[in-house]
Amino acid sequence: MIIVGVAMFCSFALAFWLASYTGTAIAFLAVGVLHILLILLIFFKRHAWIEKPLVRFFANLLLNN
């Protein structure tokens, strides 16, 4: 919960900082697009970044005992 709160606060801070250069609507749109791109990157790399390390960890944990 704390990480989500900090991420939201940082997102709003980034959007308001960009708003001084681009305008409020475009700044929030840019931050939204950035979030979508990050979600897609994590989705397509989830096997290499999340699943494979977890499988290795649990296999080592169970097989080394």
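Counting from 1, the numbers follow the sequence of the chain as shown.
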Co-membership, hydrophobic cluster, residues Leu61 and Ile50, 4.5 Å side-chain:
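Yes, Leu61 and Ile50 fall within the same hydrophobic cluster.
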Ile42-Val4 co-clustered via ILVMFWY side chain contacts under 4.5 Å
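No: no chain of side-chain contacts under 4.5 Å links Ile42 to Val4.
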Pairs flagged by salt bridge (Lys or Arg N to Asp or Glu O under 4.0 Å) wherever [range] is involved - sequence neighbours left out:
range: residues 4-13; answer: none
range: residues 8-33; answer: none
range: residues 41-64; answer: Arg46-Glu51
range: residues 26-39; answer: none

Apply side chain to side chain contact (heavy atoms under 4.5 Å, CB included) to [X] and list each qualifying residue two or more places apart in sequence or on a separate chain.
X: Ile26; answer: Thr22
X: Ile36; answer: Leu40
X: Ala19; answer: Thr24, Ala27

Test Phe16 against Val31 for side chain to side chain contact (heavy atoms under 4.5 Å, CB included), laying out the working first.
CA-CA 10 Å; Phe16 282 115; Val31 171; over 6 Å; no
Is the CD1 atom of Ile3 crowded by more than 12 outside heavy atoms at less than 6.0 Å?
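Result for CD1/Ile3: open.
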Nearest atoms (heavy-atom pairs only) where His47 meets Pro53:
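Minimum heavy-atom contact is O-CD, 4.3 Å.
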Test ring-ring contact (aromatic ring centres under 6.0 Å, His included) applied to Tyr21 - qualifying residues, sequence neighbours left out:
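For Tyr21, the residues satisfying ring-ring contact (aromatic ring centres under 6.0 Å, His included) (neighbours in sequence not counted) are Trp17.
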Just verifying a value: how many Å separate Ile39 CD1 and Leu34 CG, rounded to the nearest 0.5 Å?
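It comes to 10.0 Å.
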If I take atom CZ from residue Phe58 and atom CG from residue Leu63, how far apart are they, to the nearest 0.5 angstrom?
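Those atoms lie 13.0 Å apart.
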Using a 4.5 Å cut-off between side-chain heavy atoms of Ile, Leu, Val, Met, Phe, Trp and Tyr, which other residues end up in the same hydrophobic cluster as Val6?
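Listed partners: Ile2.
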